[in-house]
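For clarity, every value in this text was computed on a predicted model and none was experimentally measured. Protein chains get the first letters and strands the later ones, always in sequence-line order, with residue 1 at the start of each.
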Protein chains: 2
Amino acid sequence: MESVSRAVRPAAVSMTDVARHAGVSLKTVSRVVNAEQHVSGAVRETVQRAIEELGYQPNGAARALASKRTRRIGMIAASTSFSGPSAILDGVEKAVRQQGYSLALVRTQPDEGYEVQHAIAQLIGQGIDGLILSQPVGPDNPGIQGPAGVPLLSIDYPDARHSAGEIVVGTDEVDGARQAVNHLLSLGHRTVWHLGGDPAWAAARQRARGWRETLEAAGASVPEPVFGDWTAASGFAQMQKMLDAGSPTAVFVANDQMAIGAIHALERSGRSVPGDVSVVGFDDADESAFLHTPLTTIRADFQDTARQGVFRLIEAIIGRDEAPRQFTLPVHLVIRESTAPPRNGG
Amino acid sequence: MESVSRAVRPAAVSMTDVARHAGVSLKTVSRVVNAEQHVSGAVRETVQRAIEELGYQPNGAARALASKRTRRIGMIAASTSFSGPSAILDGVEKAVRQQGYSLALVRTQPDEGYEVQHAIAQLIGQGIDGLILSQPVGPDNPGIQGPAGVPLLSIDYPDARHSAGEIVVGTDEVDGARQAVNHLLSLGHRTVWHLGGDPAWAAARQRARGWRETLEAAGASVPEPVFGDWTAASGFAQMQKMLDAGSPTAVFVANDQMAIGAIHALERSGRSVPGDVSVVGFDDADESAFLHTPLTTIRADFQDTARQGVFRLIEAIIGRDEAPRQFTLPVHLVIRESTAPPRNGG
DNA sequence: GCCATCACTGACAGCGCTGTCAATCCAAAG
DNA sequence: CTTTGGATTGACAGCGCTGTCAGTGATGGC
């Protein structure tokens, strides 16, 4: 029993074994395995049968070495369990697998001092055909230079920071913010305050931009925003700070997690939601509909965003290059019970 | 600029290039790269300098092919963004990377009809030195047979379902349940109801077992439990079902997410928490301290659990086999505001 | 009915590295 | 000064597959 852990790998059958068993050449087996043309139906079947009988599994390392394609995609993702990034990881993995690739994952953690460049080097060394970036790119990570020749997909909001060849897909953060702010303004609020996410993330910057631009377009005053780090704890702390600075009647919070903390701070200060203060979140997390006060929020299809990005990336890998390189997917407002008209007409 | 996407990979330098540049043999470079012995200090330095000057990066595929070790670990993880599994993924990735391995991730989704055996086959084909399983193993997945000779780590609660050679680490679900139930009993509740997680998961089964055994040990009656699927939505629905069946004064819910839904259902039915009903969750999610009613819950160090498991797995891979193969890590109760004595003494 | 054409098929040379084993060198021992 | 043994170094043969190119029949045109 204890031998189970020893490498009893049953002397894996190789392509040569299959060839011998099927009575054909190595190359013909290779053709069948890779679904190439120039193999007659009869031979193809014989080989296929041999493959099944022997339980043949192609050796990825040998394949990669000979073909210089690993059929593996590397992903560098910030380490969070928040709804958005989580859904993105999910969508990426699924799409990658469906395209016949596998996923090599590296997560970055802010506190870890583990820089992106190093993570990239490691992935490239292991061998990847493409690279996906789903993590903050700010002044500190100036543009992830030279991903060493592999196509790069950033799941992010397209902006000037991205290089020319890069594929960038994201959700329409700016429009989401616009919808949130307009919803609050249309309820009668004079203006809307903003509790932003970690500004290292483009998503946080773009949500803040959308908020600001919408207020300006509406001729509303623009209160000083505060920024957290996406956690409920930071939402709690930053909302307290905001309350020290003024008395909002409406707040657009950059994600649902922080909104939970923010609402907690509002209630602890004696304010009710939405009675005294309306709150809109972002992401539509799983639990947001079931909070004490079900949360009005912006829903984005992160899974689909990821999927589209992966398709685009694989097109670039195999040399087909038609679709636009940078685009965003639409989002929409989900109205629940955390928003209402201001108590006395604003 | 558009050439960025073409594979302009700068004709990667090979070990041969380094050898030539350093004036030594291929094998000597190999020794330096792999930190083997039998290389004099002077030669080692020369080679190291050559490596840096040329920016040499070992080719993973070639290495894997020649050595039959990929330095890659495969992980099959259920696709959820819940706090526990999420933290486990995080911990695994970090530990794997710190040990110099890379992580190939496959996520399974219940609705997808994508079975574990197939995922394993794919990972083995790509080449992995070890396999990690973090996903439900129930009657439907009878024991993940024959991982083809690679050491297997299950992050799960050790039980009979696991095979002899398997490494199993988990958190002490049973003890967590015990602490939750005892806390509620000690507040004066006559008994404690249970809203369980998805029974496909060992965690759900063990939490239910701990709950039942603790009640029995205390001589309390054991109400019929209900089970959800870890989501807030299922917590909401199943709590309504529980309320149809009886009038609990205390409920132990199998995770925080479901607890949020459960509390929502309680409040919608006119009950207050903890006034009418006390609720204990499990996992201590990020937002649990900031809910309208901060949640009493069980905290487990999932990251550490994952880390310990990975260390153990790598020991098995390199053939060192000392530490016990199956163990659990302790958990502890975090008391917040969702629990209180029953309204009229039970 | 003969040659160009095309669909198949296979031989062979590596891909970049590691494992094995033989060769070499140096210092200490005899 | 020669012998012995350990430490260092290198030559060479693959790992399992793909890419290239040559070879083989069969098909079709004139």
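Within the 4.0 Å cut-off from OP1 or OP2 of D:dT18, at least one side-chain nitrogen or oxygen of A:N34 is found. The side chain of A:S30 contributes an N or O atom lying less than 4.0 Å from OP1 or OP2 of D:dT18. Side-chain nitrogen and oxygen atoms of A:K68 include none within less than 4.0 Å of the OP1 or OP2 phosphate oxygen of D:dC17.
Nearest to the side chain of B:A62, among C:dG16, C:dG14, C:dT18, sits C:dG16. Out of C:dT18, D:dG16, D:dT18, the shortest distance to the side chain of B:S67 is found at C:dT18.
A donor-acceptor contact shorter than 3.5 Å links the side chain of B:R97 to the backbone of A:R107.
Taking every heavy atom of both residues into account, A:G127 and A:R72 meet most closely at O-NH1, 3.0 Å.
Under the 4.5 Å side-chain criterion, counting only non-hydrogen atoms from C-beta, B:S134 is in contact with B:M75. Side-chain contact between A:L131 and A:L123: present, with at least one pair of heavy atoms (C-beta onward) separated by less than 4.5 Å. At a threshold of 4.5 Å between non-hydrogen side-chain atoms, the residues A:V24 and A:T46 do not count as touching.
A straight line from CZ of B:R63 to C1' of C:dT18 spans 10 Å, rounded to a whole angstrom. Between B:N59 atom CG and C:dG14 atom P the separation is 18 Å, expressed in whole Å. The distance from atom CE of A:M15 to atom P of D:dG16 is 12 Å, rounded to the nearest whole Å. Atom CD in B:E36 sits roughly 13 Å away from atom C1' in D:dT9 (whole-Å rounding).
Of the residues in residues 45-58 of chain A, none has a non-hydrogen atom less than 4.0 angstrom from any atom of DNA chain C.
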Could you list, one pair per line, each protein nitrogen or oxygen that sits under 3.5 Å from a nitrogen or oxygen of nucleotides 9-11 of chain C, together with the distance?
from   : atom 1 : to    : atom 2 : distance (Å)
C:dT9  : OP1    : A:S40 : OG     : 3.1
C:dT9  : OP2    : A:S40 : N      : 2.8
C:dG10 : OP2    : A:S25 : N      : 3.0
C:dG10 : OP2    : A:S25 : OG     : 3.3
C:dG10 : OP2    : A:T28 : OG1    : 2.6
C:dG10 : N7     : A:R31 : NH1    : 3.4
C:dG10 : O6     : A:R31 : NH2    : 2.6

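Helix bend of the helix from C:dG1-D:dC30 to C:dG30-D:dC1: the angle between its two end axes, each built from five pairs, comes to 40° after rounding to 10°.
Sequence order on DNA chain D of the closest nucleotides to A:V29 and B:L65 puts B:L65 first from the 5' end.
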